[in-house]
There are 2 protein chains.
Amino acid sequence: MALSEKGFHVAVVGATGAVGQQMIQTLENREFPISKLTLLSSPRSAGSKVLFRGAEHTVQVAKPESFEGVDIALFSAGGSVSLELAPEAVKHGAIVVDNTSAFRMDENVPLVVPEVNEMDLHEHKGIIANPNCSTIQMVVALEPLRKQYGLNKIIVSTYQAVSGSGAAAVEELYEQTKAIVSNENYEPKILPVKSDKKHYQIAFNAIPQIDKFQENGFTYEEMKMINETKKIMHLPEIQVAATCVRLPVATGHSESLFVEVDQAGVTAQDVKNLLENAPGVVLQDDPENQLYPMPANCVGKNDVFVGRIRKDLDNEKGFHMWVVSDNLLKGAAWNSVQIAESLVKLGIVK
Amino acid sequence: MALSEKGFHVAVVGATGAVGQQMIQTLENREFPISKLTLLSSPRSAGSKVLFRGAEHTVQVAKPESFEGVDIALFSAGGSVSLELAPEAVKHGAIVVDNTSAFRMDENVPLVVPEVNEMDLHEHKGIIANPNCSTIQMVVALEPLRKQYGLNKIIVSTYQAVSGSGAAAVEELYEQTKAIVSNENYEPKILPVKSDKKHYQIAFNAIPQIDKFQENGFTYEEMKMINETKKIMHLPEIQVAATCVRLPVATGHSESLFVEVDQAGVTAQDVKNLLENAPGVVLQDDPENQLYPMPANCVGKNDVFVGRIRKDLDNEKGFHMWVVSDNLLKGAAWNSVQIAESLVKLGIVK
């Protein structure tokens, strides 16, 4: 984004976390028009120094008064912090972009992926929610199909990176891996879910649990993908099913998708042509030359990479594809900053 | 299997490979009735010494004459070796159990998973094919549903271990992992497919390619899962779709399955009850206690582990599940030895 004449007072809540750090970096990379940057955290992390545009900023303890004069507050410090402080920020006149799950299904809160439902921002009442990482990359890849052909079914199996569980989970993956290749022991303490009862080895393994289980046998992560997709795409009737799996990958979520469109007669080439020109999407689909998306290649990039597009062999309206994106960027920090850019572009913050 | 009064002359072709070694170990563990064991390989590996029941056996070069007097020949030395030598073994009176893809879709060759279609062994004309590893564990988990409720659709996304590409691929995974955690370089040379043009990092990555690509955009591995399932289950009309992905896991394939049954009114609990008593299946499904199958827990075991069984939230006949098994055992060596046991049990070899 080009520098505007006016700059905004932006706050980042959770400034020392994995996503918070990426938010600050993304604000700098995008040259977001900032007149003042306020970095906030828990008392434990307050006092840290963070560089932004070459100047040192000290992280302060997040309190209701911290939002005095703030135009846009980007929250990524956990659901309980958002529940407590996001309404305070709004009271002080800020627009909140919240990266936690606290408000996502609140009917008064727009849940926004700019490539899909940017116009929902006009409905905001102070808080805007940033969807779950695995949902965002999926709806970016599927919105062009919905618009062009209609969409009635999605079945997704995910291959998710550990950084979705925070920086400590990435450290656990690497330290545990080092221990195993050295024939040493390493007691799992964080994955699959820090606050759950049992912890399992992630190195050289695959864990079919992300977030805790609900009574219906689905995990909260799976239900987020199901419910958030319906809300973002304005398709309450669409059939969505998800199985979410954690892999020994540091960053970069992958998804194997089956989708059924409404319209008959669509070819795989039609879908490729559509996605080649879709916003936020990079098509990487050339089997002849072994070109397809992989998590190792997506890190540090804002795009959603799509490949392995095939028509189902039996279902005339069915398609398969493979969708990869950096879960800390498009899945979190970049989507939040992109929402802030849309707020400026649409004149919602002035 | 208890020792029978009669022992058989068994040959293992590819005795020094990853699967061949597991076959020899499995023959010993199962106390398969053996009067003579002939171990065969390429000239390059011939001369190696292998222990079987405490006695040293020297691996010999596989030639047409090697099968003189052999009752059962277990082949796992690559498709070209099977194409050349399996017919020679049959000419010499042996029954061949072939672990390669050379004869699987040959209509004169039964493709057998004993839990599913043991009776097809009666149709053999000398050669019996052992299915692809990822197909075997899937049909073991689904056969009870087919029998009880009927089955009309399968959509599978796999999470496959590198040992499916042989011992050198496992070494590549470990050496590459060690290099990466030490900030050193390691040039990929084997994965995803040794004979294909490009090779990619597997450590901390996921590669959506197993085997080469066909013109329809599916890989050969995916088409094996599709075609072999129809043949084994005697369901030429069933709809099967597969997306096959390689993970940084040494051994143990996982699969995320969506299936649609014919019968309405089936509950997830019905499916759990059915699989709890199914041959070759171990049910591991207790979300409350975070019990579900994982590759790290399946290594060295003959069973197919099933968990995460859920009814689809929209489709009255749809179910999701997670299926894990040791790809070198039930996926290869154990299924081959199990076929040999069935041949004895059914009196087909005498």
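Every chain is numbered from 1 and lettered A, B, ... according to where its sequence line falls, protein lines coming before strand lines.
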Where does [X] contact chain B at under 4.5 Å (heavy atoms): side chain, backbone, both or neither?
{"X": "A:S157", "answer": "both"}
{"X": "A:N297", "answer": "neither"}
{"X": "A:I226", "answer": "side chain"}
{"X": "A:E255", "answer": "neither"}

Looking only at A:I309, A:T251, A:D196, A:L247, the option with the highest number of non-hydrogen pairs under 4.5 Å against chain B is A:D196
Heavy-atom distances under 4.5 Å only: say whether B:P293 touches chain A with side chain, backbone, both or neither. backbone
What part of B:M321 lies closer than 4.5 angstrom to a heavy atom of chain A: side chain, backbone, both or neither? neither
Residue by residue, scan residues 205-221 of chain B and write down, ordered by number, those that have a heavy-atom distance under 4.5 Å to chain A; if none do, write 'none'. B:N205, B:A206, B:I207, B:P208, B:Q209, B:F213, B:N216, B:G217, B:F218, B:T219
Nearest heavy atoms of [X] and [Y], plus distance in Å:
{"X": "A:Y174", "Y": "B:V181", "answer": "CD2-CG1, 4.3 Å"}
{"X": "A:K198", "Y": "B:N289", "answer": "NZ-O, 2.9 Å"}
{"X": "A:M294", "Y": "B:Y200", "answer": "CE-CG, 3.5 Å"}

Quick one: which of B:K153, B:K178, B:K197 has the most heavy-atom pairs under 4.5 Å with chain A, could you say? B:K197
Top residue by heavy-atom pair count (under 4.5 Å) with chain A, among B:P287, B:S256, B:A296? B:P287
Can you name the ring-ring contact (aromatic ring centres under 6.0 Å, His included) partners of B:Y186, sequence neighbours left out?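 Scan of B:Y186 (ring-ring contact (aromatic ring centres under 6.0 Å, His included), adjacent residues dropped) gives none.
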For atom CD of A:Q269, decide whether the heavy atoms of other residues, nucleotides or ligands shown that lie under 6.0 angstrom number more than 12.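 Above 12, so yes.
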Considering only distance and modelled atom types, tabulate donor-acceptor pairs under 3.5 Å from the side chains of residues 237-245 of chain A, sequence neighbours left out.
residue, atom, partner, partner atom, Å
A:T243, OG1, B:R310, NH2, 3.0

Which pairs count as ring-ring contact (aromatic ring centres under 6.0 Å, His included) when at least one residue sits in residues 150-171 of chain A, sequence neighbours excluded? A:Y159-A:W322, A:Y159-B:Y159
Can you tell me how far apart NE2 (B:H320) and CD (A:E222) are? Round to the nearest 0.5 Å.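 Answer rounded to 0.5 Å: 9.0 Å.
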